[in-house]
Visitor: 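Quick one: the structure is below, questions incoming.
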Amino acid sequence: MSVRVRFAPSPTGEPHIGNVRTVVFNWLFARKMGGQFILRIEDTDRVRYQPETIPVIMEGLRWLGLDWDEGPGLEELQRAGIEDAERYAVGGPYGPYIQSERLPLYRQVAEELVAVGWAYRCNCSPERLEQVRQAQRARGQPPMYDRHCRYLPPDAISPDEPHVIRLKVPLTGRTTFQDVIKGEVIFENAGIDDQVLLKSDGFPTYHLAVVVDDHYMKVTHVIRGDDWVPSTPKHVLLYQALGWEMPVFCHVPLVTMPGGKKLAKREGATSITEFRKQGYLPEALLNFLALLGWAPGEGEEQEIFSRAELIERFDLYRVNRAPAAFSYDKLDWMNGVYIRSLSPDDLLERLLPFWQDAGLIPAPCPPQTREVLRRIVPLIQERIKHLTDVVELTDFFFTEIAPPPAEELLAQGLDAERAREVLRRTREVLANVSDFGEETIEPPLRALVAELGLTTRQVFGLIRTATTGKAVSPPLFGTLSILERERVLARLEAAEAQLTAR
RNA sequence: GCCCCCAUCGUCUAGCCAGGUUAGGACACAGGCCUUUCAAGCCUGAAACACGGGUUCAAAUCCCGUUGGGGGUACCA
């Protein structure tokens with residue numbers, strides 16, 4: 001039978017990067033095994049529901065290259081009020097793939113469980129439940145539902161009055177399951193709460209919905225975060241009660257922040273959208289995430305893997321047991337590696353939106369500007385770690401610069417008079433050079449350095465500051481050539497004036 | 001509190017299952033080379049088996065305990 005896995009986000013916000021790593025494992029496993037990767041929307045929490053995050057989640061997956069074989073279809077997306085539903089509709093034979101579209105199914109299963117004695121109705125008020133929990137805590141007992149309604153006569157609560165349906169967990173014995181990563185995990189039934197399966201608003205809780213959907217969608221492997229381990233016995237009980245075949249469970253370790261701190265949904269954990277905005281390449285992020293908690297092993301020392309290589313080598317059974325800390329340092333390095341490996345034209349295309357967002361070049365990029373960019377890219381390719389870095393590194397090509405203050409011009413240790421001389425002589429040289437190509441500029445400037453008896457650092461540093469306004473810039477001769485003679489001479493003159501004014 | 005999971009350089013990890021390694025690699029860090037700045041590249045360095053007991057000729061590897069970390073404990077997922 002074909003492997004079927006799923007990512008089932010709840011549209012209450014954008015998934016944090018730890019969740020995304022788990023999605024990567026799911027996707028890699030599906031592709032490796034030639035199976036299906038399913039996207040299911042778990043919108044059963046009506047309080048925290050934010051429909052607008054559905055397309056954001058989908059957009060993020062697409063950007064990362066995590067395509068899904070089955071997922072919400074056109075009509076259900078339209079009913080959810082998603083704009084551009086056509087753009088995201090995939091559909092599939094086991095839909096609908098949005099849980100709010102499957103309500104009758106959950107209710108039916110819940111009623112079945114009540115009928116066979118595996119579940120019961122409960123109309124305890126939230127206040128009473130809270131009181132019970134507080135009392136238990138005060139006594140130093142684990143907070144659990146006291147099963148008040150479990151022992152009521154079967155007809156004590158009418159199906160028509162507001163109530164929830166709870167799982168009737170066996171009071172004794174133990175529930176166990178085999179986990180791909182952890183091996184056998186054992187829970188005493190006495191410690192398992194009578195979990196609510198169907199809420200009073202008619203929506204299922206995660207526990208009911210996940211079991212029902214995974215069953216009917218023929219999911220074979222449940223690959224999810226470690227945080228689900230404690231609720232897995234409830235799911236196992238449900239599978240047993242319903243007589244359904246169990247999927248393979250695989251609980252992958254969580255991802256923490258660099259300090260080892262918790263990576264909770266709202267703790268500023270970065271989302272795919274944020275990484276994208278910060279100038280990370282999707283292939284770099286994918287590569288990095290795949291290596292967070294997994295390594296090919298067998299003495300393999302390669303760390304840069306193409307998408308195809310990751311699929312080929314990924315092994316779910318080799319995923320680590322211990323949680324992994326996210327490292328921006330390593331991601332940055334990897335992003336730089338990927339940026340350097342791009343063809344200049346490809347890099348140019350990816351850089352374009354960042355230059356445009358910064359207002360440095362017009363939105364439809366004119367052909368002339370593109371030619372300039374084509375000359376700039378090779379100069380900066382090995383100097384940026386993020387696509388966003390290009391803005392600060394190249395802005396002086398597109399905007400006028402304020403003449404640098406004297407102290408910056410004199411940073412190389414020259415006195416004002418000497419610096420003025422350097423600038424004046426440089427202007428003479430550059431005014432008379434036959435053409436303004438990189439190779440034509442360099443020899444006479446080097447000759448000038450020798451003639452003046454100064455160091456290249458002193459002279460070129462001064463020219464750099466004068467023409468770019470920065471102490472750090474792309475390689476000087478290429479930069480001057482792209483700037484062109486007129487602007488270079490003007491900036492040199494302006495700098496000279498700065499020193500004179502002094 | 002109770003339940004569950006986890007433990008190799010600062011970080012990601014290889015090695016563990018099938019005991020014998022100078023415990024390997026990468027990021028970051030330090031020093032050097034190259035060099036017009038910054039990068040990139042190259043070379044070198046520092047850096048780990050959490051602790052305590054077993055088992056064994058031999059333990060990072062197997063067992064137990066301790067400590068530490070993480071997760072769960074909702075009509076959230």
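Lettering of chains follows the sequences in order, A, B, ..., and the numbering in each one begins at 1.
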Visitor: Distance between the C1' atoms of A18(B) and A60(B), in whole angstroms?
Guide: 16 Å

Visitor: Base, sugar-phosphate alone, or nothing: which one does Glu382(A) contact when heavy atoms must sit under 4.0 Å apart?
Guide: base

Visitor: Could you state the atom-to-atom distance from OH of Tyr338(A) to P of A39(B) in whole Å?
Guide: 24 Å

Visitor: Is any side-chain N of the basic residue among Asp226(A) and Lys182(A) closer than 4.0 Å to the acidic one's carboxylate O?
Guide: yes

Visitor: Hey, do the aromatic rings of Trp228(A) and Tyr206(A) have their centres closer than 6.0 Å?
Guide: yes

Visitor: To the nearest angstrom, how far is Lys385(A) atom NZ from A28(B) atom C1'?
Guide: 10 Å

Visitor: Which nucleotides of nucleotides 3-18 of chain B have their base under 4.0 Å from a protein heavy atom (B), which only their sugar-phosphate (S), and which neither (-), written as one string 5' to 3'?
Guide: SSSSS---SBSSS---

Visitor: At under 4.0 Å between heavy atoms, what does Thr456(A) touch on the DNA or RNA strands: base, sugar-phosphate, or nothing?
Guide: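 Answer is sugar-phosphate: Thr456(A) comes under 4.0 Å of backbone atoms only.
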
Visitor: Considering only atom P, compute the distance from G19(B) to A59(B) and round it to an integer number of Å.
Guide: 13 Å

Visitor: Test for a donor-acceptor pair under 3.5 Å between the base of U36(B) and the side chain of Arg457(A), counting only N and O atoms.
Guide: no

Visitor: Pairing donors with acceptors under 3.5 angstrom, does anything connect the side chains of Tyr49(A) and Ser100(A)?
Guide: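 Result is no, nothing qualifies.
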
Visitor: U37(B) P sits how many Å from Leu379(A) CG, rounded?
Guide: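 For the pair Leu379(A) CG and U37(B) P, the rounded distance is 15 Å.
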
Visitor: Counting only side-chain nitrogens and oxygens, does Arg166(A) get under 4.0 Å of the OP1 or OP2 atom of C75(B)?
Guide: yes

Visitor: Taking atom C1' of C38(B) as reference, at what distance in whole Å does atom CD1 of Ile384(A) sit?
Guide: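 That distance rounds to 13 Å.
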
Visitor: Roughly how far apart, to the nearest Å, are U73(B) and C27(B) at atom C1'?
Guide: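 These two C1' atoms come out 37 Å apart once rounded.
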
Visitor: Give me the distance, rounded to whole Å, that separates U61(B) from C9(B) when you measure between the P atoms they each carry.
Guide: 14 Å

Visitor: Where the side chain of Arg464(A) is defined as all heavy atoms beyond and including C-beta, which of U36(B), C75(B), C27(B) is the nearest nucleotide?
Guide: U36(B)

Visitor: Over all strands shown, is Val196(A) touching base, sugar-phosphate only, or nothing at heavy-atom distances under 4.0 angstrom?
Guide: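 Sugar-phosphate contact only.
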
Visitor: Starting at the 5' end of RNA chain B, which residue's closest nucleotide do you reach first, Arg133(A) or Trp228(A)?
Guide: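 Looking at the nearest nucleotide for each, Arg133(A) comes out on the 5' side.
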
Visitor: For C3(B) versus U8(B), give the span between their C1' atoms, rounded off to a whole number of Å.
Guide: 28 Å

Visitor: What integer number of Å spans the P atoms of G25(B) and A77(B)?
Guide: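 To the nearest whole Å, 48 Å.
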
Visitor: To the nearest Å, give me how far apart CD (Gln302(A)) and P (A26(B)) are.
Guide: 13 Å

Visitor: Please give the nucleotide sitting opposite U21(B) as a Watson-Crick or G-U wobble pair, both distances under 3.5 Å, or none.
Guide: none

Visitor: Looking at Asp213(A), Thr44(A), Thr205(A), which hits side-chain hydrogen bond (donor to acceptor under 3.5 Å, both in side chains) with Tyr106(A)?
Guide: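 Testing each of Asp213(A), Thr44(A), Thr205(A) against Tyr106(A), the sole residue satisfying side-chain hydrogen bond (donor to acceptor under 3.5 Å, both in side chains) is Asp213(A).
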
Visitor: Work out how far the P atom of U36(B) is from that of C29(B), and round it to whole angstrom.
Guide: 24 Å

Visitor: Grab the CD-C1' distance between Gln195(A) and C75(B) for me, whole Å please.
Guide: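 Gln195(A) atom CD is separated from C75(B) atom C1' by 9 Å.
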
Visitor: Do we see a donor-acceptor contact under 3.5 Å between the side chains of Gln458(A) and Thr455(A)?
Guide: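 Checked: Gln458(A)/Thr455(A) side chains pair up, N/O donor to acceptor below 3.5 Å.
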
Visitor: Using a strict threshold of under 4.0 Å (side-chain N to carboxylate O), is an ion pair present between Asp332(A) and Lys385(A)?
Guide: no

Visitor: Do Thr232(A) and Arg224(A) have side-chain N/O donor and acceptor atoms under 3.5 Å apart?
Guide: yes

Visitor: When all nucleic acid strands are considered with a 4.0 Å heavy-atom cut-off, which category describes Arg340(A): base, sugar-phosphate, or nothing?
Guide: sugar-phosphate

Visitor: Can you work out whether Leu393(A) or Asp45(A) has the more 5'-proximal nearest nucleotide on RNA chain B?
Guide: Leu393(A)

Visitor: If you check every side-chain atom of Pro475(A), which of A77(B), A39(B), U37(B) has the closest atom?
Guide: U37(B)

Visitor: Please pick, from A77(B), A74(B), C75(B), the nucleotide with the shortest atom-to-atom distance to any side-chain atom of Thr44(A).
Guide: A77(B)

Visitor: Taking the six-membered ring for Trp, are Tyr280(A) and Tyr338(A) closer than 6.0 Å centroid to centroid?
Guide: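 Not close enough - the centres of the two rings lie 6.0 Å or further apart.
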
Visitor: Provide the distance between the two P atoms, one in G15(B) and one in G20(B), to the nearest whole Å.
Guide: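 That atom pair is separated by 13 Å.
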
Visitor: Identify which nucleotide among U36(B), C38(B), G71(B) has an atom closest to any side-chain atom of Leu254(A), counting heavy atoms from C-beta outward.
Guide: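 Among U36(B), C38(B), G71(B), the one nearest the side chain of Leu254(A) is G71(B).
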
Visitor: The side chain of Arg383(A) is closest to which nucleotide in this list: A40(B), U37(B), U36(B)?
Guide: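 So the nucleotide nearest the side chain must be U37(B).
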
Visitor: If I take atom CD from residue Glu101(A) and atom CD1 from residue Ile41(A), how far apart are they, to the nearest 0.5 angstrom?
Guide: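 Nearest 0.5 Å value for the CD-CD1 distance: 11.5 Å.
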
Visitor: Can you see if the side chain of Lys234(A) gets near the phosphate of U73(B) - specifically, an N or O under 4.0 Å from OP1 or OP2?
Guide: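 Answer no for this pair, as no side-chain N or O of Lys234(A) is under 4.0 Å from OP1 or OP2.
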
Visitor: How long is the line joining CD of Gln99(A) and P of C76(B), in whole Å?
Guide: 13 Å

